[in-house]
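Take a look at the structure below.
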Amino acid sequence: MTSRDYIELDEKYGAHNYHPLPVVISWAEGCKVRDPEGKSYYDFLSAYSAVNQGHRHPKIIAAAREQLETCTLTSRAFHNDRTGPFLQKLCEFTGFDMALPMNTGAEAVETALKAARRWGVERKGVENGKQEIICAEGNFHGRTLAAISMSIDQDSLINYGPYAPGFVKVPFGNAAAIESRITPNTVAVIIEPIQGEAGVVVPPDGYLKAVRELCTRKGVLFIADEIQTGFCRTGRRFAWQREEARPDIMCLGKALGGGILPVSAIVADREVMEVFTPGTHGSTFGGNPLAAAVGIASLQVLEEEGLDERAETLGNIFRAGLSKVGCPKVRTVRGRGLLNAVVFDEGFEAWNVCLALRDEGLLAKQTHGNIIRFAPPLVISEREMEEALEIISRTFRKIR
Ligand SMILES: *Cc1c(COP(=O)(O)O)cnc(C)c1O
């Protein structure tokens, strides 16, 4: 079968809830992928940062293989010999007391919201049903009903009502806007340290620190959704570390699964995590032995290969390279580490640029029409980065 055949099958049998770039991937390794016809591409999306360690990292694959030979799923009705070591590793990597494993990012966000609401009643004395959580306009926290109830994106929201109550939306990047909406019923503030889906929106310096201090002063929890920004993507293990703005709850996902399985979690200190008692929350697959083995290996790779420092160094090279291209339609290049975006003029159709990049051998996806995110696997070499930059420059120079 050809690429065209596979695309037809997707379109005929699959719900049309995505509009993919017309390219089919049938092989992947490191920062490169290939289509069934054998054409090779740089992957500059990394499955929305779920393959920070690169496609099919040999150590992660080996860990998965080994685990497949022993035990893959027990449910949490019983203990197993992988979940504990995984949670320990995750707590050591993140610097928090305890972790609660789930599967997808959206479930991690739900878990954080539930923890905060329960904490509000049981520790802060808010009446159940009155809890309020402040979120930022432009956020992306996943696709569940609670997550879309925090959204202002019309595509995500439309005709899915009634929406979950208890969310207060304020502009992103403005700590005073948060402070003005805190009431005695506010239990938490949830933000992405950098808004990925919104087009890599980096808040002003000092914002995260200000939110941290504000939450401490007002006695509300600070929840950082690091599902996309976490695990070395932005040049630090976690994006909040740039400002030492340690959250009370951190949502994790994507690269925790090393590009193999959905693995997510929240981490928090004991006082917060203790609001969960037996039967009050759970997941059949959360923390399963296979996911745990993959999670441990995924964290080891980030650590052993110093991928935070790589992302920082290569990110600087990338942004410097792009700012030299001189394309009249480009308004800005922004980002941290290897989470970057090129913003074109308002109304510009970046889709066509993505098609041209694909033809030149580089895959990237536009967001909000005029923005292209560039986020390669963090294992990309300097030489590969130079070649990718050459492809992007060549393509951008042809834009009229
Ligand atoms: C991807 C993402 C999610 C949702 O993760 P899923 O695994 O798709 O459910 C939540 N928050 C952020 C910031 C994300 O980037």
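Ligands are counted one by one from 1 in listed order, and the atoms in each one are counted from 1 as well.
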Distance-only donor-acceptor check, side chains [X] and [Y], under 3.5 Å:
X: S393; Y: E390; result: no
X: E37; Y: S3; result: yes
X: E197; Y: Q228; result: yes

Who are the side-chain contact (heavy atoms from CB on, under 4.5 Å) partners of A188, not counting sequence neighbours?
A116, I133, L221, I223

Please tabulate protein-ligand N/O pairs under 3.5 Å for ligand 1, atom names and distances to 0.1 Å.
residue, atom, partner, partner atom, Å
ligand 1, 7 (O), G105, N, 2.8
ligand 1, 9 (O), G105, N, 3.3
ligand 1, 9 (O), A106, N, 2.8
ligand 1, 11 (N), F140, O, 3.3
ligand 1, 11 (N), D225, OD1, 3.4
ligand 1, 11 (N), D225, OD2, 2.7
ligand 1, 15 (O), Q228, NE2, 2.8
ligand 1, 15 (O), K254, NZ, 2.6

Can you name the ring pair (Phe, Tyr, Trp, His ring centres under 6.0 Å) partners of Y207, sequence neighbours left out?
F172

Distance-only check: which donor-acceptor pairs under 3.5 Å involve side-chain atoms of residues 253-260, not counting sequence neighbours?
none

